[in-house]
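Notes for the one structure printed next.
Counting begins at 1 with the first residue of the sequence.
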Amino acid sequence: MSNAYDVIVIGSGPGGYIAAIRAAQLGLKTAIVEREHLAGICSNWGCIPTKALLRSAEILHYAKHPGDYGIRIEGSVTPDLKAIVARSRGIAARMNGGVGFLMKKNKVDIIWGEAKIVKPGEIVVSKTTKAIQQPQAPLPKTVLPEGTYTAKHIVIATGARPRALPGIEPDGKLIWTYFEAMKPEEMPKSLLVMGSGAIGIEFASFYRTMGVDVTVVEVMKTVMPVEDAEISGLAKKQFEKQGMKIHLEAKVAKVEKGANSITAHVEMKDGKVEKITADRMISAVGVQANIENIGLEALGVKTDRGFIAIDGYGKTNVAGIYAIGDVAGPPMLAHKAEHEAVICIEKIAGVANVHPMDKAKIPGCTYCHPQVASVGLTEAKAKEQGRDIRVGRFPFVANGKAIALGEDQGLVKTIFDRKTGELLGAHLVGAEVTELIQGFVVAMNLETTEEELMHTIFPHPTISETLKESVLDAYGRALNA
């Protein structure tokens with residue numbers, strides 16, 4: 001078999017494997033290099049297995065409150081931690097094996113090892129120093145060995161890893177990253193979560209629902225700081241109602257380790273230092289791109305604040321070398337990586353009318369309880385830009401389906417340009433809003449105006465009716481509130 005390809009993709013996460021599939025679909029001879037696990041962090045340790053854990057927590061929550069739905073459950077309801085973790089890992093294995101199947105189906109060669117770009121158009125793959133973490137799924141039989149490979153186009157999709165703060169580095173035992181938090185051997189009685197972004201707050205939500213005493217420390221003024229402040233405030237109230245302790249504008253300055261616990265020295269916004277002791281701590285202070293040891297420096301590939309610098313089509317400053325996904329900068333989202341992959345490959349293949357990524361239309365979702373989802377400008381950002389806006393709000397408490405589900409705590413908030421009727425942003429908190437947000441994403445991509453949204457028929461009874469009512473409210477026409 002020839003070692004020459006049209007496209008070689010380094011990394012098989014959401015961006016990498018989608019890039020490989022799209023390249024193969026367009027008739028390009030394609031290979032993908034992976035050093036650790038097919039499907040990347042998302043399917044193995046992130047997006048998918050965390051949702052499996054959160055689903056188990058959701059079932060536990062309902063089982064502990066059967067009376068709210070007229071149901072009686074005799075005896076105690078207790079979680080089986082080993083079974084919960086095993087289910088999550090089994091789902092990761094299924095996703096992992098699915099990517100292997102897709103590579104075979106699309107005739108994409110898999111090269112197992114660590115890739116280094118020695119010059120434009122050429123990589124050397126050496127034996128991986130990483131432990132192969134195939135979660136129960138066997139490797140496809142047609143895996144190519146280490147060696148030298150050439151390609152007209154090399155796409156870097158090496159992703160990112162957890163960021164560590166100096167002096168508070170995760171040790172895998174007392175201070176966890178999402179890797180350890182995903183598969184605890186035993187449930188801690190208390191947990192401190194440093195950082196309230198999507199990763200931190202999802203784990204905080206999971207462990208709190210499982211009965212753990214959870215404390216969250218966030219350096220910014222709101223939980224989930226990238227979200228609209230009003231939505232963040234409503235989510236915080238629900239978290240605290242569930243028993244979560246949240247410290248905002250606070251910083252973990254130092255951590256002392258005991259035999260089986262940690263004590264964090266937390267600097268509060270008033271300057272005082274509070275000592276918080278917990279069995280375990282999760283460090284969720286973001287991620288950093290995997291840009292080391294792939295040959296970027298020698299080739300002169302430009303980086304910017306720790307990420308590979310690219311144009312709107314994934315091109316770097318070096319001809320024939322591209323980057324997509326987390327390694328190419330925020331937002332650090334799987335669906336951003338997938339779309340970026342398609343744009344990059346279609347541009348390489350010369351597909352007509354390929355549009356660059358519009359980051360203003362990328363939705364963000366956090367799968368805590370209650371869920372949070374958003375797209376576009378927050379109210380504060382719109383005002384910062386000097387936009388003359390209309391803001392609509394509609395609460396779940398006025399929606400029949402939400403009430404029937406017992407999920408009446410939520411809000412849909414929409415932001416429009418007062419002059420043009422353009423939808424600038426949408427922000428949701430409540431049950432299943434991660435499924436609802438796509439309605440607004442489609443509307444923004446189609447440049448839908450408020451008038452068109454008002455004339456769209458939403459099915460009844462559904463929670464989706466809150467979307468339309470929020471639009472109506474922005475124009476003083478809400479019908480059910």
Side-chain angles (χ1 to χ4, degrees), residues 5-34 39-42 99 102-103 106 108 111 115-123 149-161 287-363 445:
Y5 292 88
D6 296 312
V7 174
I8 289 179
V9 183
I10 304 174
S12 70
Y17 86 77
I18 291 296
I21 289 172
R22 188 66 186 121
Q25 287 176 342
L26 291 169
L28 301 173
K29 185 182 178 185
T30 306
I32 195 163
V33 184
E34 178 53 58
I41 292 296
C42 178
V99 170
L102 289 172
M103 295 299 97
N106 289 279
V108 174
I111 307 168
K116 185 171 186 178
I117 308 171
V118 293
K119 62 182 179 181
E122 184 176 315
I123 68 169
Y149 296 84
T150 62
K152 299 171 186 173
H153 309 279
I154 298 171
V155 180
I156 302 168
T158 48
R161 62 187 185 277
V287 297
Q288 63 186 85
N290 294 320
I291 61 173
E292 302 88 357
N293 305 316
I294 52 178
L296 302 184
E297 300 89 348
L299 292 167
V301 175
K302 288 183 180 178
T303 59
D304 180 21
R305 289 171 290 184
F307 301 101
I308 298 175
I310 60 170
D311 67 5
Y313 302 97
K315 292 181 181 179
T316 71
N317 63 304
V318 177
I321 299 177
Y322 311 78
I324 58 173
D326 288 359
V327 77
M332 321 292 266
L333 300 168
H335 44 279
K336 174 258 194 183
E338 291 179 357
H339 193 68
E340 212 164 31
V342 173
I343 289 171
C344 177
I345 293 300
E346 290 187 348
K347 192 69 173 178
I348 287 172
V351 174
N353 301 316
V354 178
H355 300 288
M357 172 79 74
D358 183 353
K359 292 186 178 181
K361 295 183 176 67
I362 301 175
N445 275 275

How far does [atom1] of [X] sit from [atom2] of [Y], to the nearest 0.5 angstrom?
| X | Y | atom1 | atom2 | value |
| --- | --- | --- | --- | --- |
| M332 | C42 | CE | SG | 13.0 Å |
| Q288 | D326 | CD | CG | 12.0 Å |
| E297 | T303 | CD | OG1 | 8.0 Å |
| K119 | I321 | NZ | CD1 | 12.0 Å |
| K347 | H355 | NZ | NE2 | 10.0 Å |
| I123 | I117 | CD1 | CD1 | 7.5 Å |

Please report the closest heavy-atom contact between [X] and [Y], naming both atoms and the distance.
| X | Y | value |
| --- | --- | --- |
| A160 | I41 | O-CG1, 4.3 Å |
| A157 | V9 | CB-CG1, 4.3 Å |
| T30 | A23 | OG1-CB, 3.4 Å |
| G312 | I343 | O-CG2, 3.8 Å |
| S12 | Y17 | O-CD2, 3.6 Å |
| P363 | L333 | O-CD1, 3.6 Å |

Would you call D6 and K152 a salt bridge, using N to O less than 4.0 angstrom?
yes
If we ignore hydrogens and angles and just use 3.5 Å, is the side chain of [X] paired with the main-chain N or O of [Y] as donor and acceptor?
| X | Y | result |
| --- | --- | --- |
| K359 | P330 | yes |
| N290 | T158 | yes |
| E346 | V354 | no |
| H153 | I345 | no |

Do the non-hydrogen side-chain atoms of I324 and I156 ever get within less than 4.5 Å of each other?
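Sidechains of I156 and I324: no contact.
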Close side-chain approach of Y322 and E340, heavy atoms under 4.5 Å
no
Test side-chain contact (heavy atoms from CB on, under 4.5 Å) on T316 and L299; report intermediate values, then the result.
CA-CA 11 Å; T316 71; L299 292 167; over 6 Å; no
For V327, which of L296, I291, I10 qualifies under side chain to side chain contact (heavy atoms under 4.5 Å, CB included)?
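Checked L296, I291, I10 against V327; only one passes side chain to side chain contact (heavy atoms under 4.5 Å, CB included): I291.
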If you count the non-hydrogen atoms of other residues, nucleotides and ligands that lie under 6.0 Å from [atom1] in [X], is the total more than 12?
| X | atom1 | value |
| --- | --- | --- |
| N317 | CG | yes |
| K361 | NZ | yes |
| K302 | NZ | no |

How would you list, by chain and number, every residue that makes a side-chain contact (heavy atoms from CB on, under 4.5 Å) with N106, sequence neighbours excluded?
I21, A24, Q25, L102, V108
